[in-house]
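Shown next, in C-alpha cells, is the structure this report addresses.
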Amino acid sequence: VQLQASGGGLVQAGRSLRLSCAASGRTFSIYTLGWFRQPAGKEREFVAAIQPNGANTYYADSVKDRFTISRDNRRNTAYLQMNSLKPEDTALYYCAAEPRWLSATVQSMGSIRSYGNWGQGTQVTVSS
C-alpha cells in the first residue's frame with residue numbers, strides 16, 4: 001500500500017487541524033493505521049492508531065482527549081483530528097500502515113517496529 005499524508009500547516013496554539021492519510025490499493029480495510037510524529041532533532045514518536053474495522057483506537061498520553069483518529073474504509077482514508085493544539089505538537093507527522101490486526105498496546109499499535117508501510121510526512125507547526 002502507498003500512503004499520502006496531507007493537511008499540515010501553520011496554526012496558532014489552541015486551534016485545530018485535520019490530517020488525512022490517503023491509501024492506494026483495494027485492501028485498505030485489512031490494515032491497522034497509525035500516526036506518528038517527529039519533532040525537529042528528535043526521534044519519531046507514536047501519536048495514535050486505529051484497528052482495521054475502527055473498533056479500537058489507541059493514543060499517546062500527550063494527545064489523549066485532544067486528538068481523534070478515524071478512518072473511512074470506503075474512501076481508503078484515515079484522519080487525525082487535532083484540537084487544542086500546543087506548540088509542543090509541532091512536528092513532521094507520518095501515517096503508517098500494517099496489514100494485520102494490532103492490539104491496543106504500546107508494544108503493538110504504539111510501536112514504530114509494528115508498521116511496514118510509511119507515507120511521507122506532513123509538517124504541522126503550532127505557534128504560541
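One is the number of the first residue; the rest follow in order along the sequence. Reckoned from all heavy atoms, side chains included, excluding hydrogens, waters and symmetry mates.
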**Asked** After noting the C-alpha distance and the side-chain angles of Leu102 and Tyr115, does the key distance pass the side-chain contact (heavy atoms from CB on, under 4.5 Å) rule?
**Response** CA-CA 10 Å; Leu102 298 178; Tyr115 299 85; 3.9 Å; yes
**Request:** Could you tell me the separation between the CD atom of Glu88 and the CZ atom of Arg37, rounded to the nearest 0.5 Å?
**Result:** 8.0 Å
**Prompt:** What are the two closest non-hydrogen atoms of Ser114 and Ser108, and how far apart are they?
**Reply:** OG-O, 2.6 Å
**Same apolar cluster (I L V M F W Y, side chains within < 4.5 Å links), Val11/Met82** = yes
**Request:** Considering non-hydrogen atoms only, spot the tightest contact between Leu80 and Ala48 and give its length.
**Result:** CD1-CB, 4.1 Å
**Request:** May I ask you to check whether over 12 heavy atoms, not counting those of Gln2, lie within 6.0 Å of atom CD?
**Result:** no
**Prompt:** Counting N and O atoms only, with roles assigned by atom type, does the side chain of Gln12 sit under 3.5 Å from a partner on the main chain of Ser127, one being a donor and the other an acceptor?
**Reply:** no
**Interatomic distance, Leu92 atom CG to Gln38 atom CD [nearest 0.5 angstrom]** = 7.0 Å
**Request:** Using a 4.5 Å cut-off on heavy atoms from C-beta on, say whether the side chain of Leu33 contacts that of Phe28.
**Result:** yes
**Prompt:** Can you tell if the side chain of Arg75 reaches within under 4.5 Å of the side chain of Ser20, non-hydrogen atoms only?
**Reply:** no
**Asked** Say you draw a straight line from CG of Leu3 to CH2 of Trp118; how long is it, rounded to the nearest 0.5 Å?
**Response** 10.0 Å
**Asked** Below 4.5 Å, heavy atoms only, C-beta onward: do Tyr94 and Ile112 meet side chain to side chain?
**Response** no
**Request:** Go through the steps to decide whether Gln51 and Met109 satisfy the test side-chain contact (heavy atoms from CB on, under 4.5 Å), and finish with yes or no.
**Result:** CA-CA 8 Å; Gln51 289 179 337; Met109 290 174 87; 3.9 Å; yes
**Request:** Grab the two heavy atoms, one from Gly7 and one from Thr122, that are nearest each other, plus how far apart they are.
**Result:** N-OG1, 4.0 Å
**Message:** Minimum heavy-atom separation for Ala23 and Val1, please, with both atom names.
**Reply:** CB-CG2, 3.7 Å
**Asked** How far apart are the closest heavy atoms of Asn76 and Asn73, and which atoms are they?
**Response** OD1-O, 3.2 Å
**Prompt:** What pair of heavy atoms forms the shortest contact from Ile50 to Ser70, and how long is it?
**Reply:** CD1-CA, 3.8 Å
**Asked** Do the rings of Phe46 and Phe36 sit parallel, tilted or perpendicular, given the 30° and 60° boundaries?
**Response** perpendicular
**Item:** Approximate separation, where rounding is to 0.5 Å, of Arg74 CZ and Ser29 OG
**Value:** 12.5 Å
**Request:** Taking the side chain as every heavy atom from C-beta outward, state whether Thr68 and Tyr79 have any atom pair closer than 4.5 Å.
**Result:** no
**Message:** Rounded at 0.5 Å granularity, tell me how far CG in Asp89 sits from OG1 in Thr125.
**Reply:** 11.0 Å
**Item:** Side chain proximity check, Asp65 to Ser84, heavy atoms < 4.5 angstrom
**Value:** no
**Prompt:** Should Asn83 and Ser16 count as side-chain neighbours, where that means a heavy-atom distance under 4.5 Å?
**Reply:** yes
**Request:** Assess Arg71 against Tyr31: is NZ or CZ under 6.0 Å from the centre of the six-membered ring, and within 45 degrees of the ring's axis?
**Result:** no
**Asked** Counting distance only, does the side-chain N/O of Thr77 pair as donor-acceptor with the main-chain N or O of Ala22 below 3.5 Å?
**Response** no
**Request:** May I ask you to test the Tyr58-Lys64 pair for a side-chain heavy-atom distance under 4.5 Å?
**Result:** no
